[in-house]
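In this text, all values refer to a predicted model and were calculated from it rather than measured experimentally. For this chain, numbers begin at 1 and follow the sequence in order.
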Amino acid sequence: MTDTFNPAEAAAICGILHNLYFRIPSQEYLNELQQAQVFNNWPIEAISDEQLAELQSALENADYELVKRDYYDLHIGPGECKAFPYGSVYTDNENLVCGDTTIALMDFLKANDAQFDLPHKEPQDHVGLIFASGHYLLTERQDVEAFKALLEQHFLPWGHRVFELAETHANTDFCRELAKLTQATLNSWTQELGLSPEKLHLYR
């Protein structure tokens, strides 16, 4: 791990990305991000000011109804999602949810007491829940090693594919630029923490 990784900043990023990916973010939440200039102040040095400014501008000029529709098309449906948010859809040869990689993640989260009281049953390899798990490990557990294992073993082997598809298929600048920022953030953490994720065959 290099000296550039800041657990508190990474935890804050995880909290924001959880709120942006786990459910359709509300207009009020997007307004809060805009007013706080969150993306202009994104604490990842490797991401250019130009890229951050593009996302901040996309947020400021976003039509919320179009963003919401885009989110449905990408991550929820109806119909086939263009960027499924569940890991085992990519790692399972039949594109099933709750596949072997989901079960391995569930075992890891249970061993690290990262359990969430959700209003309904949800596969735990949803990208939004993985960011929530990262936030928990860095704040409640203050365990950078567990955070590294979460990324290296349970997220990075397939996670980039979600955001690549989101970038490709997004119809709004905001969703496209957010996917690009998420990929850049994961790339930066991979370098800062010296991670070497397994290269899995992905089926999407």
Output field: ring centroids Tyr71/Tyr64 closer than 6.0 Å:
no

What pairs with Glu177 under side-chain hydrogen bond (donor to acceptor under 3.5 Å, both in side chains), at least two apart in sequence or on another chain?
Lys180

Should Ile76 and Leu17 be regarded as members of a common hydrophobic cluster, given that ILVMFWY residues are connected when their side-chain heavy atoms come within less than 4.5 Å of each other, either directly or indirectly?
yes

Check the surroundings of atom CG in Asn93: do more than 12 heavy atoms from other residues, nucleotides or ligands lie under 6.0 Å from it?
yes

Can you list everything that forms a side-chain hydrogen bond (donor to acceptor under 3.5 Å, both in side chains) with Ser57? Sequence neighbours excluded, please.
Asn61

Atom NE2 of His126 and atom CZ of Phe84: how far apart are they, to the nearest 0.5 Å?
11.5 Å

Is it the case that the side chains of Thr168 and Glu164 hold a donor-acceptor pair, with the cut-off being a distance below 3.5 Å and no angle test?
no

Output all residues satisfying side-chain contact (heavy atoms from CB on, under 4.5 Å) with Glu50, sequence neighbours left out; order by chain, then residue number.
Ser48, Glu54

Does Ile13 form a side-chain contact (heavy atoms from CB on, under 4.5 Å) with Trp42? I'd like the steps, not just the answer.
CA-CA 8 Å; Ile13 288 173; Trp42 202 250; 3.4 Å; yes

Non-neighbouring partners of Ser196 that pass side-chain contact (heavy atoms from CB on, under 4.5 Å), sequence neighbours left out:
Glu152

Considering residues at least two apart in sequence or located in another chain, which fulfil the side-chain contact (heavy atoms from CB on, under 4.5 Å) criterion with Asp113?
Tyr136, Arg141

Let me see the working for Tyr203 and Thr91 under side-chain contact (heavy atoms from CB on, under 4.5 Å), right down to the final yes or no.
CA-CA 6 Å; Tyr203 296 90; Thr91 61; 5.7 Å; no

Return the minimal non-hydrogen interatomic distance between Cys14 and Phe131, and the atom names on each side.
CB-O, 3.2 Å

Using the salt bridge (charged side-chain N to carboxylate O under 4.0 Å, His left out) rule, take Arg204 and Glu80 through it: C-alpha gap first, then chi angles, then the decisive distance, then the call.
CA-CA 12 Å; Arg204 279 188 178 271; Glu80 184 166 301; 3.2 Å; yes

I'd like to know whether CG of Asn31 has more than 12 heavy-atom contacts from other residues, nucleotides or ligands below 6.0 angstrom.
yes

side-chain contact (heavy atoms from CB on, under 4.5 Å) against Leu118, all qualifying residues, sequence neighbours excluded
Phe22, Phe116, Glu122, Leu129

